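Contents: one structure, followed by commentary.
Predicted, not measured: the structure shown is a model, and the values here were computed from it. Residue numbering restarts at 1 for every chain, and letters A, B, ... go by the order of the sequence lines.
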Amino acid sequence: MKPYQKFEAMAKEKMDSHLAGRSIEKNYRTYRPQKNFGDLSFDFQKSKVIPVASEISALSDQYVRFVPTGKFINVKFSDQEFSKSVLEDGMSGELFQFEKRRDKILIEHTSANPTGPLHIGRVRNSIIGDIFSRILRKYGYDVTTEYYVNDIGTQVEALLLGTELFGSENYTESYRKVYESFDSYKDKVEEYMVRAESGNPQFLKESKERLEVFLRDVLTDLEKLSIRFDFFIWESEFILDGSVRELILKLTPLLKDDNGAKYLESDQGKMYLLRSNGTSVYFTRDISHHLMKSSKYDKAIVVLGEDHKSYFKKIEFAMDILGVHNVDALFYSYISTKEGKMSTRRGNVVYVRDFIEEAIEGAKEEILKRRTDLSEEEVRDISNKIGTSAVRYNIIKYAPDKPVTFDLAEALNFEGDAAPFIMYSYARARSILSKLGKDSEVSWKFIEPESSLLKEISLFPVVVEDAVKHSRPDKIARYSYELAGAFNQFYRDCPVLDSGENLQKRVEIVRTFAKTMEELFQMLGVQASDTI
RNA sequence: GCCCGAGUGGGGUAGUUUGGAUUAUCCUAGAGGCCUGCGGAGCCUCAGACCUGGGUUCGAAUCCCAGCUCGGGCGCCA
């Protein structure tokens, strides 16, 4: 058991056996209170009987101290014992281990049509997906990530047609031309769709080859942010392997007809599966896609923008009919700019690659301001790490359901709650650790600034679990920031090197802090650097 | 119009699941302070906020109802 849980369990056990001995009904709730009230609170406000204060105080021992305050009974963990417990677990690595879980989880994210480079709105999907999958993996799940690539359907055929007509050098532009006067290209697009849908292998092969070139642009942007996928699945596969046909057959008894088009009726309205020309719609193929996920994984999570909320409700409706209950979505709100929703036509799109580049440039300037001793190559390497980490951090730090108005200048402000802050505190720690001499004895007596840092460290497993349970990757970012701040205070108050009998203990505290940060960096995809 | 989110100091944001404690978190911008330090991208102090109106409750930022504002959705698109 982790230190926090261990001490919590100790306190509860004492409380419960006391209540049982006095035949008092066990009617309290516990939670972690604001700092000044201690480490754990028993809230008896709903209870008719409140335990006698003097008897409660008497439950205290060397590990936990009970402080009755009216209808609350606060528990303060012993600084000495708790700090010792945290540091021991930190030194052994126990603190960072989670039990292995057998569940296989699939995370699908990004899945953008390759119609152009990624903009920061879309990349929120990638960053949330990537970080959440890293968190789940840390928590012990067997996690696989997937990019679902559309290679059939209206948008894709319009893209392919556009590049045939107007060239593929600027494929985004060519695609847009088709979309802008869609009516005049409608027939041709439809012809492509029918060909794709009929499972014409030659046509699909060519489509895929051409799309792969465009997809590379997206993947290059993601690669800069250290986002990779375990596998890609192409939409056409569900046509080719016959699963769409099977699906339709299975649902036939439930399907209604509208001039040859087929749909399901639900309280959400009509859900079309087949067009009157016989082709399937995206929704249909996505049902097959979800069935595949459902059969291969214990749980499948897809990261979706809020614009897909009602779409996903329909997927859930269909899954329900098919008896599937292990698919889930993680929604996030849009990123807009001060000029409003990002739109290529309005020219207010911020591309990730530009954002990354500016962040790296900004980092470089800051480094050059402070350091003159680094080689050109070191400067480049460090500014790369800071820049890309800053981009990831800046996007993950908000709760997913929070709409974000993106302000480049603000995002490039590296003061305060930003990646450089946490990277800097880590670099400070590493710098101390690089100057050590021989090991000595650890003294297990702690003073306040030490135990206060260790207390913050002890929250690591609590926070990870919280992030998993509530699908809140942003909590990892927030915790990293708080932990880094706690270290900065420790750093101010406690000299480590030349601290006499305190030396080895403080070294171990610093080491444990650094290890905790590394774990957090791994989840956030922040690139650790010993010098920044 | 209907459905789904979000509204917290000047700007941004946590807390809302599971209602509680004279003091609602943190960042930024503002005012002031620390500093030859094991790396100042730091630390400390001050000032500043729960959209409105009802309701439930001993008690509401948190729950319920209504309204307002902002996003999103309501395709034989993806």
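For the C1' atom pair drawn from rG33(B) and rG71(B), the interatomic distance equals 43 Å after rounding to whole Å. Here, rU17(B) and rC63(B) have their P atoms 5 Å apart, quoted to the whole Å. Only the P atoms considered, rU28(B) is 33 Å distant from rG53(B), to the nearest whole Å. Taking atom C1' on both nucleotides, rU25(B) is separated from rU13(B) by 9 Å, rounded to a whole Å. Distance check on atom P: rU62(B) versus rU36(B) gives 49 Å, rounded to whole Å.
Environment of NZ in K76(A): crowded, with over 12 heavy atoms of neighbouring residues, nucleotides or ligands closer than 6.0 Å. The local environment of CZ in R195(A) is crowded, with over 12 non-hydrogen atoms from other residues, nucleotides or ligands closer than 6.0 Å.
At a threshold of 4.0 angstrom between heavy atoms, the contacts of R430(A) with the nucleic acid are absent. Nucleic acid contact class of A418(A) (heavy atoms, under 4.0 Å, all strands): none. Backbone-only contact: K475(A) has heavy atoms under 4.0 Å from sugar-phosphate atoms and none from a base.
The phosphate of rA14(B) has OP1 or OP2 within less than 4.0 Å of a side-chain N or O from K402(A). Checking the phosphate oxygens (OP1, OP2) of rU18(B), no side-chain nitrogen or oxygen of Y31(A) falls inside 4.0 Å. One finds a side-chain N or O of S431(A) lying less than 4.0 angstrom from the OP1 or OP2 phosphate oxygen of rG39(B). OP1 and OP2 of rA41(B) both lie 4.0 Å or more from every side-chain N or O belonging to R371(A). Remark: Y424(A) is in phosphate contact with rA41(B), judged by side-chain N or O atoms under 4.0 Å from OP1 or OP2.
Of the candidates R430(A), R428(A), K435(A), R430(A) is the only one forming a salt bridge (Lys or Arg N to Asp or Glu O under 4.0 Å) with D530(A).
Taking the side chain of R29(A) as heavy atoms from C-beta on, and the options rG72(B), rU18(B), rC76(B), the nearest nucleotide is rU18(B). Of the listed nucleotides (rA78(B), rA41(B), rA6(B)), rA41(B) has the atom at the smallest distance from the side chain of I386(A).
For Q489(A) and rC26(B), the CD to P distance is 11 Å, given to the nearest whole Å. As a whole-Å value, the separation of Y398(A) OH from rC26(B) C1' is 12 Å. If you take CG of L304(A) and P of rC77(B), they are 20 Å apart, rounded to a whole angstrom.
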